[in-house]
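First the structure, in the form of structure tokens, and then the observations on it.
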2 protein chains.
Amino acid sequence: MHSSAEENYLKAIYKLQEANGEMVATSALAQVLGIHMASVTDMLKKMSNKKLVAYQKSKGFKLTEKGRLAAISIIRKHRLWEVFLVDKLRFRWDEVHEIAEQLEHIHSQELIDKLDAYLDFPKADPHGDPIPDAKGIFAINKSVLLASLAPGSQGKFTGVTDHSSAFLNYLDKIGLSLGDSVKVKEVEEFDKNYTLLLKGKKSVVVSFKVANSLLISE
Amino acid sequence: MHSSAEENYLKAIYKLQEANGEMVATSALAQVLGIHMASVTDMLKKMSNKKLVAYQKSKGFKLTEKGRLAAISIIRKHRLWEVFLVDKLRFRWDEVHEIAEQLEHIHSQELIDKLDAYLDFPKADPHGDPIPDAKGIFAINKSVLLASLAPGSQGKFTGVTDHSSAFLNYLDKIGLSLGDSVKVKEVEEFDKNYTLLLKGKKSVVVSFKVANSLLISE
DNA sequence: AATAAAAATTAGGCAAGCCTAATATTACTG
DNA sequence: CAGTAATATTAGGCTTGCCTAATTTTTATT
Ligand SMILES: [Mn+2]
Ligand SMILES: [Mn+2]
Ligand SMILES: [Mn+2]
Ligand SMILES: [Mn+2]
């Protein structure tokens with residue numbers, strides 16, 4: 001089995017590859033992990049020996065298929081635990097990430113299978129992030145950023161790209177929850193503020209920064 | 001916060017103190033942890049510096065009050081998670097220990113509070129072991145070994161002293177579950193076999209070894 | 001192409017937790 | 001009480017995962 005440190009590297013590399021294309025740089029990984037570059041180089045050599053990453057000295061690296069599957073498995077565990085924390089234990093959606101960071105490292109296939117069943121095989125976590133199935137397959141998700149929509153467009157709020165407590169609490173404050181339908185009423189050309197029509201006809205004005213962190217589907 | 005290794009030491013020391021009186025020997029701890037004595041001595045010096053144990057070189061050691069409270073907190077987590085695994089996720093009672101060994105090291109007071117509430121504040125784990133409350137207080141438990149009962153005695157099966165899968169599966173096989181009432185019909189003097197009357201009038205003969213691993217209350 | 005800046009690696013160290021082998025202490029036994 | 005056996009500690013090492021400082025490699029700029 002992999003150590004928690006290795007699992008955190010795998011997850012971080014996976015997410016960097018998702019966001020910025022195939023090859024990952026030592027500096028980028030060091031930055032997201034909050035670890036010095038020398039340490040990252042160290043660890044990558046070890047993970048390369050274990051065939052978890054394909055490492056090209058001074059050039060960058062990427063996950064092997066083995067590493068990719070391992071990473072997806074950690075992400076699956078993280079998101080399932082987040083669902084458990086919110087749906088069953090009644091945590092708020094901005095409180096669960098740190099705890100899930102620990103729970104994702106519990107090693108037991110049986111446990112995660114039973115947890116998945118207990119939660120009724122959820123397809124997304126409390127932040128709208130997709131949960132890969134037991135085989136590591138993500139349901140295809142065709143959501144777009146609200147900031148990319150023209151006035152008059154309408155859709156369902158299905159995810160966030162900013163997972164910070166500050167942002168999540170802001171959404172709570174304006175009364176926007178996952179699954180709500182949202183309509184773009186107006187986009188102010190000058191400052192790119194978005195006027196949205198929420199459910200119950202409530203109208204709210206949000207900044208581009210906010211519009212650019214909301215995922216809309218349908 | 002304490003490391004998982006420290007927490008395992010604390011729990012093991014606590015249990016040894018419970019079982020064999022105040023002072024614990026290096027060899028005993030090494031044995032239950034499956035670790036060499038030299039390593040135990042090492043760790044104890046560190047834990048002594050942290051005021052978790054009172055350590056007297058070559059004489060033995062015991063938990064400080066700080067250490068005792070920390071140990072009880074781990075035991076509380078372990079047993080609550082075991083309840084979760086059996087009651088919610090439908091694990092069998094012989095499958096949960098190893099997973100709980102991992103889950104008990106998750107650090108979050110909020111989590112354990114909410115889990116406790118979610119499970120409806122259970123007083124005992126799936127093996128009948130008492131769960132200390134949030135303040136570290138155990139409900140007083142006046143159970144006795146079935147092997148100490150005279151023929152004709154009756155009571156409720158409320159715990160085991162042998163937690164092995166082999167034993168737990170044996171109990172499943174003879175149809176004895178926690179909470180069942182049990183009557184001692186006869187004790188064979190020659191081999192100390194116990195003839196028990198289980199619920200539904202089923203009669204079963206068990207060895208002294210078994211009778212001596214069953215806790216009876218009331 | 002030369003030079004400077006940025007990125008990456010190497011070298012040397014450290015703390016946590018473990019190990020083996022050697023030594024010291026304590027307990028038991030004749 | 002001496003002698004041995006059992007317990008315990010010390011000394012020296014190892015792996016993991018991190019660090020700082022020094023050096024090398026790559027990239028960008030003139
Ligand atoms: Mn998260
Ligand atoms: Mn999430
Ligand atoms: Mn247990
Ligand atoms: Mn138990």
Side-chain angles (χ1 to χ4, degrees), chain A residues 1-13 16-17 19-63 67 70-71 74 101-102 104-107, chain B residues 1-13 16-17 19-63 67 70-71 74 101-102 104-107:
Chain A
M1 219 24 35
H2 307 124
S3 68
S4 293
E6 283 172 332
E7 292 184 344
N8 287 334
Y9 273 80
L10 289 169
K11 199 169 46 136
I13 298 169
L16 284 169
Q17 282 190 208
N20 317 317
E22 279 291 272
M23 229 51 182
V24 179
T26 306
S27 50
L29 185 49
Q31 212 235 306
V32 305
L33 289 175
I35 276 172
H36 283 242
M37 278 179 51
S39 309
V40 170
T41 301
D42 239 46
M43 185 61 130
L44 284 171
K45 281 192 279 192
K46 293 170 193 162
M47 291 175 70
S48 179
N49 290 336
K50 294 189 182 178
K51 308 288 181 214
L52 291 170
V53 297
Y55 176 54
Q56 289 181 279
K57 200 153 116 177
S58 293
K59 290 260 190 105
F61 46 88
K62 58 181 175 181
L63 295 175
I74 312 298
E101 282 295 315
Q102 297 180 61
E104 72 189 3
H105 302 298
I106 302 289
H107 293 301
Chain B
M1 218 25 33
H2 307 124
S3 69
S4 292
E6 283 171 332
E7 292 184 344
N8 287 334
Y9 273 80
L10 288 168
K11 199 169 45 136
I13 298 169
L16 284 169
Q17 282 190 208
N20 317 318
E22 279 290 272
M23 229 52 180
V24 179
T26 307
S27 50
L29 186 49
Q31 212 236 305
V32 304
L33 288 175
I35 276 172
H36 282 242
M37 279 179 50
S39 309
V40 170
T41 300
D42 239 45
M43 186 60 131
L44 283 172
K45 281 193 278 192
K46 292 170 193 162
M47 291 175 70
S48 179
N49 290 336
K50 294 189 182 178
K51 308 288 182 214
L52 291 170
V53 297
Y55 176 52
Q56 288 183 279
K57 200 154 115 177
S58 292
K59 289 259 190 106
F61 46 88
K62 58 182 174 180
L63 294 176
I74 313 297
E101 283 295 313
Q102 297 181 61
E104 71 189 5
H105 301 298
I106 303 290
H107 293 301

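Computed from heavy atoms alone, side chains included, the values below leave out hydrogens, waters and symmetry copies. Since we're looking at a predicted model, the values are computed, not measured. By convention in this document, chain letters (A, B, ...) are assigned in the order of the sequence lines, proteins followed by strands, and residues within each chain are numbered from 1.
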### Per-nucleotide protein contact string for nucleotides 20-28 of chain D, where B marks a base within reach and S marks sugar-phosphate only (heavy atoms under 4.0 Å, - for neither)
BB----S--
Phosphate contact ([N] OP1 or OP2) by [X] side-chain N/O below 4.0 Å:
X: B:Ser27; N: D:dA6; answer: no
X: B:Tyr9; N: C:dA16; answer: no
X: B:Thr41; N: D:dT10; answer: no

Could you tell me the separation between the [atom1] atom of [X] and the [atom2] atom of [N], rounded to a whole number of Å?
X: A:Leu33; N: D:dG17; atom1: CG; atom2: C1'; result: 12 Å
X: A:Leu29; N: D:dG17; atom1: CG; atom2: P; result: 14 Å
X: A:Met23; N: C:dA7; atom1: CE; atom2: C1'; result: 15 Å
X: B:Asn8; N: C:dG17; atom1: CG; atom2: P; result: 10 Å
X: A:Ile35; N: C:dA7; atom1: CD1; atom2: P; result: 18 Å
X: B:Gln31; N: D:dA6; atom1: CD; atom2: C1'; result: 14 Å

Taking side chain to side chain contact (heavy atoms under 4.5 Å, CB included) as the definition, give me every residue that meets it alongside [X], ordered by chain and number, with sequence neighbours left out.
X: A:Ala70; value: A:His2, A:Leu10
X: A:Gln17; value: A:Ile13, A:Glu22, A:Val24, A:Lys62, A:Leu63
X: A:Ile74; value: A:Glu7, A:Lys11, A:Glu104

### Task
Report the nucleotide, chosen from D:dC18, C:dT10, D:dA8, that has the shortest atom-to-atom distance to any side-chain atom of A:Ala5.
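The answer is D:dC18, which lies nearest to the side chain.
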### Task
Identify which nucleotide among C:dA8, D:dG17, C:dG17 has an atom closest to any side-chain atom of A:Ala25, counting heavy atoms from C-beta outward.
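Within the option list, the nearest is C:dA8.
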Nearest heavy atoms of [X] and [Y], plus distance in Å:
X: A:Phe61; Y: A:Tyr55; result: CB-CA, 3.9 Å
X: A:Ala12; Y: A:Val32; result: CB-CG2, 3.9 Å
X: A:Tyr9; Y: A:Val40; result: OH-CA, 3.8 Å

### Message
Determine whether A:Glu101 and A:Asn8 satisfy the following criterion, side-chain contact (heavy atoms from CB on, under 4.5 Å), listing intermediate values before the conclusion.
### Response
CA-CA 9 Å; A:Glu101 282 295 315; A:Asn8 287 334; 4.2 Å; yes
### Query
Does any residue of residues 42-55 of chain A have a heavy atom under 4.0 Å from DNA chain C, and if so, which ones, in number order?
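Result for residues 42-55 of chain A: A:Lys45, A:Tyr55, sorted by number.
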### Message
As a quick check of understanding, evaluate side-chain contact (heavy atoms from CB on, under 4.5 Å) for B:His105 and A:Gln102, giving each step before the final call.
### Response
CA-CA 9 Å; B:His105 301 298; A:Gln102 297 180 61; over 6 Å; no
### Query
Among pairs that include at least one residue of residues 29-46 of chain B, which meet side-chain hydrogen bond (donor to acceptor under 3.5 Å, both in side chains), considering only residues two or more places apart or in two chains?
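Residue pairs passing side-chain hydrogen bond (donor to acceptor under 3.5 Å, both in side chains), neighbours aside: none found.
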